[in-house]
Q: 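Just passing along the structure, written as structure tokens.
Chain A is the first sequence line, chain B the second, and so forth, proteins listed ahead of strands; every chain is numbered from 1.
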Amino acid sequence: LNKTLRIGLITIIVAFMLAIIPLPDWAVEFRPDWVTLVLIYWAMAVPSRVGVNVAWFAGLLLDVSYGTLMGQHAIGLVLVIYVIHLQHQRLRVASLLQQAIVIFFLLLLKQLLTLWVDGMLGRAPSSWLYFMPTITSTFLWPWTYLILRDLQRKFDIHKQHAY
Amino acid sequence: MQTLFIRGPSSTFRMIILVIASIALMTVDHRWKSLEMVRSTLSSVLYPLQYTIDLPIRLYYWTDEVISTQQALLDKNREFEARHLENRVQLQKLDIIEKENDRLRQLLSATPKTTERLLISEIINVDVDPYRQLILLNKGSSNDVYQGQPIIDAQGVMGQIVHVGPISSSAMLITDASHVLPVQIDRTGLRANAFGTGKIDQLDLRYLPHNADIQVGDVLITSGLGGVFPPNYPVANITKVERPAGEPFALIEATPIAQLDKSREVLLVWQNEPELIEKKPDESNTNNSGNADSDSSDNNDKINEITEKKDKPSTQTQEQP
């Protein structure tokens, strides 16, 4: 249990750091949504530990580090993790491609929610590059999955079957 | 089946509660700005991460300083000495002009000039929302940073503080799409508003009529009208003036003078410091050194406190130039 918590926390912290690490100007708009990807993995792997509460808190932290409205990232993250939570048993046995497709649509939903809030505040970005993070994240999902799965296996975290 | 009882409320229920909570938080944050406490607490949780990210860049600058040759340092020193001398000569003239100005102001019984206090802060090099122009600074409420505080660099106005944490704060640059800065054209005194565009090198002057007296090359300075920025700081140079026939207003673009994307250090400005205005110059100096001591005890050698010696002219102790 302690090990689960530690590994999970470390990966989430790394995701938070990747989310703010300075990128060159051309790459800024392509930055994958690391925090969401890592949370999706853990919500699939240990649904009893990583649920909507964790997602909400992580979302608030993201809001603070990005300077967005409190709740703007949290609301999308909660919905994404909720869907993952409901479908985690099916997603676990799905192929990486199928997982990536599901995750693409979930990330798109999250991005649209964020855009919607930005639009209500009157600062919606006019560039289509706004949806780039969704695409790069989807492409990076298989690697995220494999790396985190290997980590999990290496540190022998047993999948906790909640049902 | 036992898990059903351990897990408490179902995740659907919790999801709905959290979504409603998010919407409530967003509304409160947007309408009343009363979540600064929460934000500042969470930002101190994040500060170690941001600091860690910034560390390699800090290390780079540090090694750059450490392994520079003696010759390079000597050259640099000589250059600074020369520049210092030049600045001193110019300051002498400025001092005389300032005193003259003060006397004239007294004759006109105009309001005395305001004092300003400056503090150097470093930019923590992390990326934030790519569609907004925010920067993170390594000074927070422990250094008396407040929301809405103006920040400048050596060239001109950079922006203002939007969120304050205990030891860090984030600032919005003047080019952010939601930022508007009341400005004045130095040459004519014409007042206008400089709207941020979301591009780091462009400001727009909107709602100026076609016949407004404005040219390419004009310098914009702060007018001090919003109450946030002190007046007479340089802001931008006009780069484009177009008067399209079909449009009601002229199309005017300007480039910020401050090095918004290159500065590594910024200056926080306090204006109208009441205790500083009341104090005599020597007292404010001792206060100053006291601050410097407490800062150096914080193990941060980069902190320098600068107090401009523009004290309020008092009728009794008027010094003759």
Side-chain angles (χ1 to χ4, degrees), chain A residues 13-14 16-23 25 27-31 47-48 51-53 55-57 59-79 81-83 85-86 113-114 117-118 120-127 129-130 132-133 160-163, chain B residues 1 3-4 6-7 11-30 35-36 38-50 52-54 56-57 124-136 162-163 165 170-172 176-178 198 200 261:
Chain A
I13 285 173
V14 169
F16 265 98
M17 287 170 80
L18 285 172
I20 56 171
I21 204 162
L23 290 180
D25 277 346
V28 162
E29 278 130 340
F30 296 83
R31 180 196 300 279
S48 59
V52 284
N53 296 345
W56 191 65
F57 188 68
L60 286 187
L61 278 179
L62 262 189
D63 285 325
V64 171
S65 72
Y66 280 156
T68 44
L69 274 190
M70 297 286 280
Q72 194 175 342
H73 282 91
I75 190 170
L77 212 48
V78 163
L79 286 174
I81 296 303
Y82 171 70
V83 176
H85 209 265
L86 284 189
L113 269 172
T114 320
V117 175
D118 271 338
M120 284 204 293
L121 298 176
R123 57 176 182 222
S126 49
S127 158
L129 284 175
Y130 190 74
M132 263 340 268
Q160 308 200 355
H161 296 280
Y163 300 102
Chain B
M1 282 312 283
T3 50
L4 206 126
I6 294 168
R7 294 178 70 222
S11 71
T12 311
F13 178 74
R14 277 184 298 170
M15 182 274 286
I16 291 167
I17 293 289
L18 290 175
V19 165
I20 292 170
S22 302
I23 294 171
L25 271 182
M26 281 191 274
T27 317
V28 170
D29 198 16
H30 183 52
L35 287 173
E36 282 307 313
V38 185
R39 218 180 250 280
S40 105
T41 316
L42 289 179
S43 79
S44 54
V45 176
L46 283 167
Y47 188 70
L49 299 188
Q50 292 161 338
T52 319
I53 297 246
D54 193 38
I57 300 153
I124 299 173
N125 210 330
V126 295
D127 274 0
V128 283
D129 197 339
Y131 298 97
R132 298 179 67 200
Q133 253 107 49
L134 296 175
I135 52 173
L136 199 76
V162 281
H163 303 300
S170 52
M172 186 187 274
D176 188 283
S178 58
I200 198 86
D261 50 351

Q: Quick one: ring pair (Phe, Tyr, Trp, His ring centres under 6.0 Å) partners of A/F16, sequence neighbours excluded?
A: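 Expected list: none.
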
Q: Is chain A contacted by the side chain of B/S170, its backbone, both, or neither, given a heavy-atom distance below 4.5 Å?
A: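 Nothing of B/S170, per the 4.5 Å heavy-atom cut-off to chain A.
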
Q: I'd like to verify something: which residue of A/D25, A/V52, A/L60 has the highest number of heavy-atom pairs under 4.5 Å with chain B?
A: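 Ranked by contacts with chain B, first place is A/V52.
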
Q: Checking heavy atoms, do the side chain of B/H30, its backbone, both or neither come under 4.5 Å from chain A?
A: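 Both parts, heavy atoms under 4.5 Å.
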
Q: Is there a side-chain contact (heavy atoms from CB on, under 4.5 Å) between A/Q72 and B/D29? Walk through the geometry before answering.
A: CA-CA 10 Å; A/Q72 194 175 342; B/D29 198 16; over 6 Å; no

Q: Need one label for B/I57: side chain, backbone, both or neither, based on atoms under 4.5 Å from any heavy atom in chain A.
A: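 For B/I57, the side chain is the part near chain A, not the backbone.
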
Q: For chain B, which candidate among A/A19, A/G67, A/G51, A/P22 shows the most heavy-atom pairs at distances under 4.5 Å?
A: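 Looking at each option in turn, the highest pair count goes to A/P22.
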
Q: Counting C-beta onward and ignoring hydrogens, is there a side-chain heavy-atom pair between B/Y131 and A/L129 closer than 4.5 Å?
A: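 Side chain of B/Y131 against side chain of A/L129, heavy atoms only: contact under 4.5 Å found.
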
Q: Give, for atom CG of A/D118 and atom CZ of B/R132, the distance between the pair rounded to the nearest 0.5 Å.
A: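 A/D118 atom CG to B/R132 atom CZ measures 8.0 Å (nearest 0.5 Å).
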
Q: Tell me, for B/T12 versus chain A, whether the close heavy atoms (under 4.5 Å) come from the side chain, the backbone, both or neither.
A: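 Its backbone and side chain both get close to chain A.
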
Q: Hey, could you give me the CE/CD1 distance between B/M15 and A/I81, rounded to the nearest 0.5 Å?
A: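 Output value for this atom pair is 12.5 Å.
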
Q: Using every non-hydrogen atom in the two residues, find where A/I20 and B/Q50 come nearest and quote the distance to one decimal.
A: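 So the minimum-distance heavy-atom pair works out to CD1-CG, 3.5 Å.
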
Q: How close do A/G71 and B/S22 get, counting heavy atoms only, and between which atoms?
A: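 What the structure gives for the nearest pair is O-CB, 3.9 Å.
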
Q: Which atoms form the tightest heavy-atom contact between A/Y66 and B/L134, and what is the distance?
A: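 Closest heavy-atom pair between A/Y66 and B/L134: O-CD1, 3.7 Å.
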
Q: What's the shortest heavy-atom distance between B/D127 and A/R31, and which atoms?
A: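 For B/D127 versus A/R31, the nearest heavy atoms are OD2-NH2, 2.7 Å.
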
Q: Please determine, among B/V128, B/V126, B/I53, B/L46, the option with the most heavy-atom pairs under 4.5 Å with chain A.
A: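 Ranked by contacts with chain A, first place is B/I53.
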
Q: Using side-chain heavy atoms (C-beta onward) and a distance below 4.5 Å, is A/W56 in contact with B/V19?
A: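 No, too far: nothing below the 4.5 Å cut-off.
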
Q: A/F57 versus chain B, heavy atoms under 4.5 Å apart: side chain, backbone, both or neither?
A: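 Only the side chain of A/F57 comes within 4.5 Å of chain B.
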
Q: Does any part of the side chain of B/L42, heavy atoms only, come nearer than 4.5 Å to the side chain of A/M70, both counted from C-beta?
A: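 With C-beta onward as the side chain, the pair touches.
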
Q: Could you check which of A/I13, A/N53, A/L79, A/L121 has the highest count of heavy-atom pairs closer than 4.5 Å to chain B?
A: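 Ranked by contacts with chain B, first place is A/N53.
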
Q: Does atom OH of A/Y130 have more than 12 heavy-atom neighbours, drawn from other residues, nucleotides or ligands, at distances under 6.0 Å?
A: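 Enclosed.
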
